[in-house]
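Notes for the one structure printed next.
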Amino acid sequence: MSSAMRNKVQRKFKMRGYTLKIEALSEILGFLSRFPEAEDEAIELLLDELHHLSLKSSILDKEPVHKVVSLLLEAEAAVEESPSSSGCGSSASALRIIDAFDFPKFRYDPIKKLFHKYTGKLPIHGDASAKVTLYRDRFLLLSQRLSRDPHFSKPVFDSNISDYGSCQISPIQSLVGQTGKRWVMGLISQLEDGHFYLEDLTAAVEVDLSNAISFTIPINLKFSLFASGVFQITTGFFAENTIVLAEGEMLLDGIFQVKTCGFPPLEDREKSATMFAGIDFFGGGSLTKEETIRLAELERGAVNDMFIILSDVWLDDEETMEKLETILSGYENESVVPSLFVFMGNFCSHPCNLSFNSYSTLRLQFGKLGKVIAAHQRLKEHSRFLFIPGPDDIGPSNVLPRCSLPKYITEELQNHIPNAVFSSNPCRIKFYTQEIVFFRQDMLYRMRRSCLMPPSTEETSDPFEHLVATITHQSHLCPLPLSIQPIIWNFDHCLHIYPTPHTIVLGDRSEQKAFQYTGTTCFNPGSFSNDFTFVAYRPCSQEVELSAV
């Protein structure tokens with residue numbers, strides 16, 4: 001170890017009130033040599049574990065350090081021995097597939113400023129209060145995120161920020177009798193036909209959006225931009241049920257005239273995770289620090305791991321099955337086979353609605369797919385296969401989240417491919433430390449139809465980029481009116497994406513697209529049965545390869 005590393009270790013331990021003897025320092029440096037790419041994390045881990053020991057003195061010799069190091073190395077060995085492809089195994093598994101109905105539910109307490117996990121059993125059929133709670137939880141989720149944004153914080157001690165006018169958010173209830181411009185945060189709703197309102201937790205006010213300009217706040221924006229009237233146009237669809245920030249003033253007739261309007265600004269994923277460390281928002285179990293360090297190390301070496309993702313795999317279409325056979329044969333002959341194949345619905349060219357009466361045929365078609373996959377021995381032995389239903393697939397209804405495909409339909413495929421997993425829509429995956437969300441819904445078409453004002457083309461004219469901006473700023477996969485896309489009220493949390501995951505896969509019938517937005521990789525694999533497009537994705541590098549047969 002270099003002298004620089006020795007000095008760093010001594011400095012960090014001294015900051016925690018410890019003095020190191022020579023033997024203790026040597027023990028620590030030996031431990032750090034096992035983690036050449038994560039030395040800082042390993043030091044912090046050592047310090048945290050030492051804090052839990054009953055030490056006789058702040059001067060550390062070899063014995064307490066050796067005790068902690070031994071415990072951590074035992075934990076590392078346990079991580080190495082745990083299965084890496086169990087799907088639902090231990091928290092140290094490399095690949096964990098998480099069904100929507102297993103997602104944890106958290107509620108934000110604005111008084112204590114904490115998230116509380118809901119531990120009760122959630123009924124599928126909620127009462128009227130569950131619908132109110134749905135919107136309340138969405139609002140509070142974005143409100144707590146906004147509270148940490150410096151552009152909308154209350155000026156303190158007459159700081160310079162007040163020279164440019166305060167962007168502090170005012171409760172809608174406080175607008176009554178007020179003059180001058182105010183910033184509010186609210187959910188767009190249509191309480192009367194043709195009349196739109198902004199609602200927060202205090203009140204609702206009718207709004208006039210006819211003269212609104214949309215805006216976004218870049219990371220280094222100065223408040224003088226607001227004072228000079230310069231606004232940067234944002235991407236995104238402003239639809240009913242989206243939550244927005246609006247600047248405007250009350251008119252004499254009680255209508256809030258909106259001048260500028262935009263989505264709540266995003267927060268860096270790492271900042272969100274740090275603020276609420278230890279909370280498992282994503283599902284699949286929290287990782288200890290030693291597990292995180294070890295999995296990050298394994299992830300750096302998993303450069304060959306690849307996911308193959310296809311959407312709209314029609315099993316009743318002969319040409320589709322021929323093209324799928326071509327893909328499977330191609331990857332069978334690769335030196336390293338893909339870690340995971342993801343098949344997203346729809347799995348039939350005809351909607352499986354009340355008039356659909358070919359369930360036995362669909363069952364046979366899944367069995368045929370199982371035979372096709374099983375014929376490729378290397379894929380069968382070394383790859384995982386995940387199936388996610390589409391909006392027109394067989395199921396109890398068209399509400400979200402959708403449960404997995406019924407066993408009657410899939411059991412013949414499962415007989416051929418025992419490690420196939422049939423999950424919900426949406427579905428989440430943890431791959432080492434990467435968090436990936438899969439969502440199959442024709443969102444682009446629906447969002448464009450629901451948009452209240454045409455999206456700006458100042459930054460982009462690509463509808464997919466507008467869609468990505470909308471769902472990431474809303475921290476919700478489907479911020480559409482419930483009349484357009486029904487959602488099970490008690491399970492709306494299954495569509496939350498907070499903190500923002502590393503990758504979002506949006507299966508859509510629109511053309512194949514990929515877009516990197518504020519550190520999150522988003523892509524649409526395209527409609528395989530229509531244009532035979534799919535995506536090869538390397539999760540560890542977040543590299544998206546748009547492909548076609």
Side-chain angles (χ1 to χ4, degrees), residues 188 214 216 233-244 263 266 309-314 342-347 349 351 388-393 398-402 425-427 436-487 494-497 500-501 503-518 520-535 537 544 546-548:
I188 301 175
S214 54
T216 190
I233 306 301
T234 187
T235 55
F237 294 110
F238 293 87
E240 189 180 346
N241 275 25
T242 54
I243 296 171
V244 299
F263 290 139
L266 282 173
I309 303 162
L310 308 94
S311 182
D312 273 348
V313 184
W314 294 346
V342 180
F343 296 93
M344 305 173 77
N346 300 316
F347 292 106
S349 58
I388 299 170
D392 294 329
D393 278 324
N398 65 342
V399 300
L400 291 173
R402 291 182 65 90
N425 181 26
C427 171
I436 306 170
V437 174
F438 294 90
F439 184 49
R440 174 61 184 96
Q441 190 73 20
D442 295 319
M443 283 292 296
L444 190 54
Y445 172 75
R446 295 184 176 198
M447 189 62 78
R448 294 175 78 172
R449 289 196 63 185
S450 304
C451 193
L452 299 177
M453 47 187 177
S456 168
T457 57
E458 183 78 12
E459 289 181 346
T460 179
S461 58
D462 190 329
F464 182 73
E465 295 183 9
H466 284 288
L467 174 63
V468 170
T470 303
I471 66 172
T472 50
H473 280 273
Q474 295 294 308
S475 290
H476 198 281
L477 289 170
C478 189
L480 285 169
L482 298 183
S483 57
I484 294 177
Q485 176 53 66
I487 293 174
C494 300
L495 300 166
H496 290 181
I497 43 174
T500 310
T503 305
I504 303 174
V505 182
L506 298 172
D508 199 288
R509 277 184 289 190
S510 57
E511 65 177 311
Q512 187 182 54
K513 287 283 184 180
F515 182 40
Q516 184 85 15
Y517 188 67
T518 61
T520 299
T521 300
C522 303
F523 62 87
N524 169 23
S527 179
F528 184 70
S529 294
N530 286 318
D531 50 22
F532 308 114
T533 55
F534 65 98
V535 161
Y537 178 61
V544 180
L546 301 179
S547 309

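One is the number of the first residue; the rest follow in order along the sequence.
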For atom CZ of Arg509, is the number of surrounding heavy atoms from other residues, nucleotides or ligands below 6.0 Å larger than 12?
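Not buried by this count: 12 neighbours or fewer within 6.0 Å.
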I need the minimum non-hydrogen distance between [X] and [Y], along with the two atoms involved.
X: Phe263; Y: Gly236; value: CE1-CA, 3.7 Å
X: Asn241; Y: Pro479; value: CB-O, 4.2 Å
X: Gln512; Y: Phe534; value: NE2-O, 2.7 Å
X: Phe347; Y: Phe343; value: CZ-O, 3.4 Å
X: Pro426; Y: Phe439; value: CB-CD1, 3.9 Å
X: Val468; Y: Cys522; value: CG1-SG, 3.4 Å

Could you walk me through whether Glu459 and Thr457 satisfy the side-chain contact (heavy atoms from CB on, under 4.5 Å) test, starting with their C-alpha distance in whole Å, then the side-chain angles of each, then the deciding distance to 0.1 Å, before giving a yes or no?
CA-CA 6 Å; Glu459 289 181 346; Thr457 57; over 6 Å; no
Atom pair [atom1]/[atom2] of [X] and [Y] - distance to nearest 0.5 Å:
X: Leu506; Y: Leu467; atom1: CG; atom2: CG; answer: 6.0 Å
X: Leu400; Y: Leu482; atom1: CG; atom2: CG; answer: 10.5 Å
X: Ile484; Y: Arg449; atom1: CD1; atom2: CZ; answer: 7.5 Å

Begin from the C-alpha positions of Ile487 and His476 and carry the test side-chain contact (heavy atoms from CB on, under 4.5 Å) through to its verdict.
CA-CA 12 Å; Ile487 293 174; His476 198 281; 4.1 Å; yes
Answer yes or no: is there a donor N or O on one side and an acceptor on the other, between the side chain of [X] and the main chain of [Y], under 3.5 Å?
X: Asp392; Y: Asn346; result: no
X: Ser450; Y: Met447; result: no
X: Gln474; Y: Val244; result: no
X: Asn524; Y: Glu511; result: yes
X: Asp508; Y: Met443; result: yes
X: Arg402; Y: Asn425; result: no

Would you say the side chains of Asp462 and Thr460 form a donor-acceptor pair under 3.5 Å?
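No, because no side-chain N or O of Asp462 sits under 3.5 Å from a partner of the opposite role on Thr460.
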If you define the side chain from C-beta out and look only at heavy atoms, does anything of [X] sit under 4.5 Å from [Y]?
X: Pro391; Y: Asn398; result: no
X: Asp312; Y: Arg440; result: yes
X: Thr533; Y: Leu546; result: no
X: Trp314; Y: Asn530; result: yes

Candidate list Leu480, Ile471, Leu444, Thr242, test side-chain contact (heavy atoms from CB on, under 4.5 Å), partner Phe237, passing option
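Per the side-chain contact (heavy atoms from CB on, under 4.5 Å) rule, the option paired with Phe237 is Leu444, out of Leu480, Ile471, Leu444, Thr242.
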Which of these, Thr503, Thr521, Ile309, Val505, sits in a side-chain contact (heavy atoms from CB on, under 4.5 Å) with Val544?
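When side-chain contact (heavy atoms from CB on, under 4.5 Å) is applied between Val544 and each of Thr503, Thr521, Ile309, Val505, only Thr521 qualifies.
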Just do the side-chain contact (heavy atoms from CB on, under 4.5 Å) check on Val313 and Met344 with the steps written out, would you?
CA-CA 7 Å; Val313 184; Met344 305 173 77; over 6 Å; no
Kindly indicate, with the supporting measurements, whether the criterion side-chain contact (heavy atoms from CB on, under 4.5 Å) is fulfilled by Val342 and Tyr537.
CA-CA 11 Å; Val342 180; Tyr537 178 61; over 6 Å; no
